[in-house]
Number of protein chains: 2
Amino acid sequence: MGFWLRLAQQAAFEAFHRRMAPLGLTPGRMALLLLLEEGPDRRQAEIAEALRIKPSNLAVLAGGLEAEGLIRRVEDPRDRRAVRLRLTPAGRALLRRAKQQEAQVEADLAARLDPATRTMLLDALRRIAGA
Amino acid sequence: MGFWLRLAQQAAFEAFHRRMAPLGLTPGRMALLLLLEEGPDRRQAEIAEALRIKPSNLAVLAGGLEAEGLIRRVEDPRDRRAVRLRLTPAGRALLRRAKQQEAQVEADLAARLDPATRTMLLDALRRIAGA
DNA sequence: TATTGTTATACTCTATAACTATA
DNA sequence: TATAGTTATAGAGTATAACAATA
């Protein structure tokens, strides 16, 4: 099972890369942008936990996106150690295009799966991940 | 879907590591040993293709296993450029123990999946990997 | 003292290019 | 010239430790 998980994940990554590389997005970047659209102004520690990455790696990720003007770091006035992240208009515009492309990625991956199988697959993956 | 594939694969890797680290085995090493048990004396190029890794990375993998006395490199008499790999008795003995542990890994992963779901999952993963 | 975020660093997996020795 | 394997190296993704600023 581990073997096929590896190959499937590899295929998923390649599908993502094919569609998203022109937009300069990796899976990690995309996940962060989506999270900020859904709920802005979260602290980085909270975001790292949601994305299941280390805060140190999120710092690098966020630094890159900020340098490209896609997100902003906002100092929390109540706790000046904390940094809250939000999308810039440029980030929002990019995300709009990215979401269309991402639908294509999902379609590529699920091309040979009927909808019911796809639903079961996602459920099974979540359960394995949470074990 | 890519997100959950990543987390599931991570969980699978951790489950493997917990059970197999005492034996000094990684997923790649285990896959190679299993392949040699199933059909010995294959050329490395052929093995790399079966495992879906690059020949250059297989060379390193095989080098390590040979240094530990688990496999042997045998020069092909018909084509002295080619190298064929086979298990040593030590490799065979380790593999026997490893296979018992691997059954535990699979059990850990499939713990919350009924057998039918597990079958469906494997089938879906194979299809995604082959896309 | 403890916590937030950052930097530096290391380890694994994967990929490419250059090399050798055969063919 | 082409092929099998090897080496060196570089790029992602992920992990830990040490640090500065703030609490």
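Chain identifiers are assigned alphabetically (A, B, ...) following the order of the sequence lines, protein sequences preceding nucleic acid strands; residue numbering begins at 1 within each chain.
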Report the residue (A:Glu46 or B:Pro77) whose heavy-atom-nearest nucleotide on DNA chain C is the more 5′ of the two.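 The answer here is A:Glu46.
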Rounding to an integer number of Å, can you tell me how far B:His17 NE2 sits from C:dC13 P?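 Value for this atom pair: 8 Å.
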Measure from CZ on B:Phe16 to P on C:dC13 and round the result to the nearest Å.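 The answer, rounded to whole Å, is 10 Å.
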Can any side-chain N or O of A:Gln44 pair as donor or acceptor with the backbone N or O of A:Val83 at less than 3.5 Å?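 Side chain of A:Gln44 to backbone of A:Val83, a donor-acceptor pair under 3.5 Å: no, none is there.
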Where the side chain of [X] is defined as all heavy atoms beyond and including C-beta, which of [options] is the nearest nucleotide?
X	options	value
B:Asn57	C:dG5, D:dT16, C:dT14	C:dT14
A:Ile53	D:dA23, D:dG5, D:dT14	D:dT14
B:Ala59	D:dT6, C:dA23, D:dA15	D:dT6
A:Arg81	D:dA2, C:dT14, D:dA21	D:dA21
A:Ser56	C:dT16, D:dG5, C:dT6	C:dT6
A:Arg80	D:dA4, D:dT22, C:dG5	D:dT22
B:Arg73	C:dT22, D:dG5, D:dT22	D:dG5
B:Gln44	D:dT7, D:dG5, C:dT7	D:dG5

Option among B:Leu70, B:Ile47, B:Leu87 that satisfies the side chain to side chain contact (heavy atoms under 4.5 Å, CB included) test with B:Leu32: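 Only match with B:Leu32 under side chain to side chain contact (heavy atoms under 4.5 Å, CB included): B:Ile47.
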Which sits closer to the 5' end of DNA chain D, B:Ala62 or A:Arg78, going by the nucleotide each is nearest to?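 The answer here is B:Ala62.
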Within the structure, does a side-chain N or O atom of A:Arg6 lie under 4.0 Å from either OP1 or OP2 of C:dT14?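 Yes, because at least one side-chain N or O of A:Arg6 sits under 4.0 Å from OP1 or OP2 of C:dT14.
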Would you call A:Arg78 and A:Asp76 a salt bridge, using N to O less than 4.0 angstrom?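 Salt bridge: no.
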Report the C-alpha separation of A:Leu85 and A:Val74 in whole Å, then their side-chain angles, then the decisive distance to 0.1 Å, and conclude whether the side-chain contact (heavy atoms from CB on, under 4.5 Å) test is met. CA-CA 6 Å; A:Leu85 303 182; A:Val74 184; over 6 Å; no
With sugar-phosphate meaning primed atoms plus P, OP1 and OP2, does B:Asp76 contact a base, only sugar-phosphate, or nothing at under 4.0 Å between heavy atoms?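 No contact at all - B:Asp76 keeps every heavy atom at 4.0 Å or more from the nucleic acid.
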